[in-house]
Amino acid sequence: MNTYSVKATLAGKAPAETTVTVKGWVRTRRDSKAGLSFIALTDGSCFGNLQIVAENTLSNYASEIQHLTAGCAIEADGLIVPSQGQGQSYEMQATAVRVIGWVDDPETYPIQPKPHSMEFLREQAHLRARTNVMGAVARVRHTIAQAIHRFFHEDGFVWVNTPILTASDAEGAGEMFRVSTLDMMNFPRTPEGKPDFSQDFFGKETFLTVSGQLNVETYCMALSKVYTFGPTFRAENSNTSRHLAEFWMIEPEVAFANLADNAALAEAMLKYVFKAVLAERPDDMAFFEERIEKGVIAKLEGMIKNEFVRMDYTEAVNILQNCGHKFDYDVSWGIDLQSEHERYLAEKHVGAPVILQNYPKDIKAFYMRLNDDGKTVAAMDVLAPGIGEIIGGAQREERLDVLDARMDEVGLPKEPYYWYRDLRRYGTVPHAGFGLGFERCVAYVTGMGNVRDVIPFPRTPGNVRF
RNA sequence: UCCCUGAUAGCUCAGUCGGUAGAGCAAGUGACUGUUAAUCACUGGGUCGUUGGUUCGAGUCCAACUCAGGGAGCCA
């Protein structure tokens, strides 16, 4: 007997007049004393449930079927037929229902057929995948990841796996997690009494990566179009809906490209992703539209249709200074824009994503390319309404003398970066890239308000339980 | 890390002026001629986050701590 997914049966892909098998978990059970029960079955293959009609003529009707509760695992055999009731295309007329796994103590089973708060579900991270929301998030997350790989692949990019362990202790992107095999109770010490990392596993102090960018630039200088897609770690004590200690990041890097090319790539990539989600996951998006964020679908359609606004930092400062809006923090040229400023630009002034470009060099990283004005660098941030900075990127400084001057200015030692500087000594070319926070992207697409709810097992300060 | 708010049944919450604990959903039992997070009736279910303090008496007032949420900073 052939097994069919819930998705296939609802799409009418199961053969008519043939007994098939479905397998999954009970969402709800409704009884009718007409002598039958309705079981809503999910197997995660799509948003919808398959309705299984089980009549009291089944041998285990009273003993088992009437005791099924949310979460029970079952297999059912039967005919897939057009539904006699409203609300679903097809349903199964069951000839057998086998219970594979009961729910122990249904009263305390956390996942009940009712609304749960996201905070509660976060405490039940091992069970929350069984909910409508998390199932929909998981499928959309997968769709986005696949779309990103497809977008780059179709455009001739090569996926480069940059290292997760790194000895660069000054990548400048944030606090880092140390990785060590030294005995923390009794570690070897230098004459100065500090930990002697020369006796550690790698012979020097080692961390988890905060960015694959510097590494991926080396492959960019050989393969022209490359990107990373992998986990990233930041030991910042950030407690917000947009930060995780462990998150996934996509970092394309393109040779012979400038800032305008970079912005165009970011825009094309986001549009490609949004189109893919709307096309491939209409069921899940309809759910997000109804229960999570009214208007998400129109939001994405608008992003696909309209050109992203490009705006120079200097212009943004002028707008903010003359808009008449009272900000908690005053705006002047040279400051790092506050969340309230970015939000005003994206949400009020433009009402759509904005690509802010050419920031003052003093508030940006050392590797960003110095513009001819000597004051700004070719950096860009993509600000999305509602979530803020979703992408940060730049054209890189390809001129060794300028890069060295910048490193001196910032006070970075050259020796650890000799390999990064070598890229500028041997066949250097203009190049540019950006970083996309994967969870921020998933949150934006689904309308979910917290990145902790779009990653299966969020890691945040004080939370590494599951 | 800073500011604000919160923690009461399995879940979501109410709980007045300090006077001895409530609802809805879920669960159990029963009713109901195909239901759509069904409906109706009944039943069981509580260390009021932790510790200490004030008081004859604390879910309620005070302090500290823990955790969570919103905002900020840092950033993706």
Side-chain angles (χ1 to χ4, degrees), chain A residues 27-40 48-56 66-67 69-71 81 83-88 91 93 103 105-124 127 131-132 171-175 210-213 228 231-251 266 291 328-329 336-343 363-365 381-384 387-393 434-444 449-453 455 460-463 465:
Chain A
R27 199 73 100 177
T28 60
R29 188 200 84 241
R30 296 178 295 274
D31 298 328
S32 164
K33 266 292 152 34
L36 66 168
S37 291
F38 301 94
I39 301 163
N49 303 315
L50 175 66
Q51 172 159 288
I52 298 172
V53 183
E55 305 209 16
N56 62 1
Q66 286 200 300
H67 296 281
T69 56
V81 298
S83 180
Q84 295 175 30
Q86 304 292 311
Q88 56 277 318
E91 65 186 17
Q93 292 287 348
V103 163
D105 192 8
E107 184 173 4
T108 58
Y109 178 60
I111 308 302
Q112 300 168 352
K114 70 182 289 287
H116 288 102
S117 66
M118 290 299 156
E119 295 80 37
F120 170 72
L121 292 176
R122 233 171 269 154
E123 299 293 311
Q124 313 290 334
L127 300 173
T131 60
N132 280 335
E171 289 181 21
E175 294 294 311
V210 292
S211 166
Q213 183 207 317
T228 72
T232 309
F233 307 87
R234 305 259 169 105
E236 302 284 353
N237 191 7
S238 294
N239 294 288
T240 79
S241 56
R242 321 178 284 288
H243 289 87
L244 294 165
E246 177 184 291
F247 64 99
W248 288 64
M249 187 153 66
I250 294 100
E251 297 171 288
R291 295 291 171 91
D328 291 341
Y329 292 86
D336 213 348
L337 296 181
Q338 304 282 321
S339 284
E340 56 172 343
H341 304 139
E342 296 183 342
R343 227 178 306 128
I363 59 170
K364 288 294 181 181
D381 283 353
V382 179
L383 308 178
I387 195 161
E389 184 181 342
I390 194 170
I391 284 177
F434 61 81
L436 167 70
F438 185 51
E439 283 74 21
R440 287 185 182 179
C441 181
V442 178
Y444 186 75
N450 196 318
V451 290
R452 297 173 193 197
D453 302 319
I455 190 169
T460 52
N463 188 350
R465 180 146 50 114

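So that the names make sense, note that chain A is the first sequence line, chain B the second, and so on, each numbered from 1. Side chains included, hydrogens not; waters and symmetry mates left out as well; all remaining heavy atoms used.
RNA chain B contains the following stems of three or more consecutive Watson-Crick or G-U pairs, with both distances under 3.5 Å: B:1-7 with B:66-72, B:10-13 with B:22-25, B:27-31 with B:39-43, B:49-53 with B:61-65.
Between A:Q51 atom CD and B:A38 atom P there is a gap of 10 Å when expressed in whole angstrom units. Rounded to an integer number of Å, the gap from CG of A:N237 to P of B:C75 is 15 Å. As a whole-Å value, the separation of A:N49 CG from B:U35 C1' is 14 Å. In this structure, A:Q88 places its CD atom 11 Å from P of B:U35, rounding to the nearest Å. In this structure, the CZ atom of A:R291 is 8 Å from the C1' atom of B:A37, given to the nearest Å. In this structure, the CG atom of A:D328 is 10 Å from the P atom of B:A72, given to the nearest Å. The distance from atom CD1 of A:I455 to atom C1' of B:A76 is 12 Å, rounded to the nearest whole Å. The separation between A:E340 atom CD and B:C3 atom P is 19 Å, rounded to whole Å.
Checking side-chain atoms of A:E340 against main-chain N and O of A:D328 turns up a donor-acceptor pair under 3.5 Å. A donor-acceptor contact shorter than 3.5 Å is absent between the side chain of A:D381 and the backbone of A:L383. When atom types are taken as modelled, the side chain of A:R440 and the backbone of A:V451 share no donor-acceptor pair closer than 3.5 angstrom. A donor-acceptor pair under 3.5 Å links the side-chain atoms of A:R234 to the main chain of A:V210, judged by distance alone. Within the 3.5 Å criterion, the main-chain N or O of A:E175 finds a donor-acceptor partner in the side chain of A:E236. Judged by distance alone, with hydrogens and angles left aside, the side-chain atoms of A:T240 form a donor-acceptor pair with the main-chain N or O of A:R242 at under 3.5 Å.
With the nearest nucleotide of RNA chain B identified for both A:V53 and A:Q66, A:Q66 has the one nearer the 5' end. Comparing A:F120 and A:H67 by the nucleotide of RNA chain B that holds the closest heavy atom to each, the one mapping nearer the 5' end is A:F120.
For the side-chain contact (heavy atoms from CB on, under 4.5 Å) criterion with A:L36, the lone passing option out of A:N56, A:D31, A:V53 is A:V53.
Between B:A27 and B:G22, the two P atoms lie 24 Å apart (nearest whole Å). Comparing the C1' positions of B:G24 and B:C17 gives a spacing of 28 Å, expressed to the nearest Å. As rounded to the nearest Å, B:C13 and B:U1 have P atoms that lie 27 Å from one another. Taking atom C1' in both B:G49 and B:A58, the straight-line distance is 16 Å, to the nearest Å. When the C1' atom is used for both B:U43 and B:U47, the distance is 24 Å, rounded to whole Å. For the C1' atoms, the distance from B:G59 to B:A14 is 12 Å, rounded to whole Å. B:G73 and B:G18 have their P atoms separated by 40 Å, given to the nearest Å. Between B:G15 and B:G57, the two P atoms lie 26 Å apart (nearest whole Å).
At a threshold of 4.0 angstrom between heavy atoms, the contacts of A:D31 include nucleobase atoms, whether or not backbone atoms are also involved. Heavy atoms of A:F38 sit under 4.0 angstrom from at least one base atom. Note on A:S117: only backbone sugar-phosphate atoms sit closer than 4.0 angstrom, heavy atoms only; bases stay farther off. Note on A:E119: only backbone sugar-phosphate atoms sit closer than 4.0 angstrom, heavy atoms only; bases stay farther off. Counting non-hydrogen atoms under 4.0 angstrom, A:T28 reaches the backbone sugars and phosphates but no base. Counting non-hydrogen atoms under 4.0 angstrom, A:R452 reaches the backbone sugars and phosphates but no base. When heavy atoms are screened at a 4.0 angstrom cut-off, A:L244 is found touching base atoms of the nucleic acid. Contacts of A:R242 with the nucleic acid, taken as non-hydrogen atoms under 4.0 Å apart, include base atoms. Among the heavy atoms of the strands lying under 4.0 Å from A:N239 is at least one base atom, whether or not backbone atoms are also near. Residue-level contact check: A:E439 touches neither bases nor backbone, having no heavy atom under 4.0 Å from any strand. Residue contacts for A:E91: at a heavy-atom cut-off of 4.0 Å it reaches a base atom on one of the strands shown. Across all strands shown, A:Q93 has heavy atoms under 4.0 Å from base atoms, whether or not it also approaches the sugar-phosphate.
Considering only side-chain N and O atoms, A:S339 lies under 4.0 angstrom from the phosphate OP1 or OP2 of B:G73. Contact annotation: A:Q338 reaches the phosphate of B:G73 (side-chain N/O to OP1 or OP2, under 4.0 Å). When the side-chain nitrogen and oxygen atoms of A:R30 are compared with OP1 and OP2 of B:U36, none of them lie within a distance under 4.0 Å.
Of all heavy-atom pairs spanning A:E389 and A:E342, the tightest one is N-OE1, 4.5 Å. The nearest pair of heavy atoms linking A:Q93 to A:V81 is CG-CG2, 3.8 Å. Minimum interatomic distance between A:A384 and A:Y444 (heavy atoms only, all atoms of both residues): CB-CE1, 3.7 Å.
Summarising the geometry, atom CZ belonging to A:F247 is positioned 14.0 Å from atom CZ belonging to A:R452; distances are rounded to the nearest 0.5 Å.
Not a single donor-acceptor pair, N or O on each side, falls under 3.5 Å between the base of B:U1 and the side chain of A:E236. Between the side chain of A:S238 and the base of B:C75, no donor-acceptor pair under 3.5 Å is found. Side-chain atoms of A:H116 stay outside donor-acceptor range of the base of B:C11, with no qualifying N/O pair under 3.5 Å.
Residues passing the side chain to side chain donor-acceptor pair (under 3.5 Å) test with A:E251, sequence neighbours excluded: A:S211, A:T228.
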Hey, what are the protein-to-nucleotides 25-27 of chain B N/O distances that come in under 3.5 Å?
| unit_1 | atom_1 | unit_2 | atom_2 | d |
| --- | --- | --- | --- | --- |
| B:A26 | O2' | A:Q112 | NE2 | 3.4 |

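Closest contact between the side chain of A:R440 and the listed nucleotides B:C75, B:A72, B:U35 involves B:C75. Listed nucleotides B:C75, B:G71, B:A68 differ in distance to A:S241; the shortest reach to its side chain belongs to B:G71. Taking every side-chain heavy atom of A:S83 into account, B:G34 is the closest of B:C74, B:G34, B:C75. Closest approach to the A:R343 side chain among B:C74, B:G70, B:A72 is made by B:A72 (side chain taken as heavy atoms from C-beta onward).
Atom OH of A:Y329 is surrounded by 12 or fewer heavy atoms from other residues, nucleotides or ligands within 6.0 Å.
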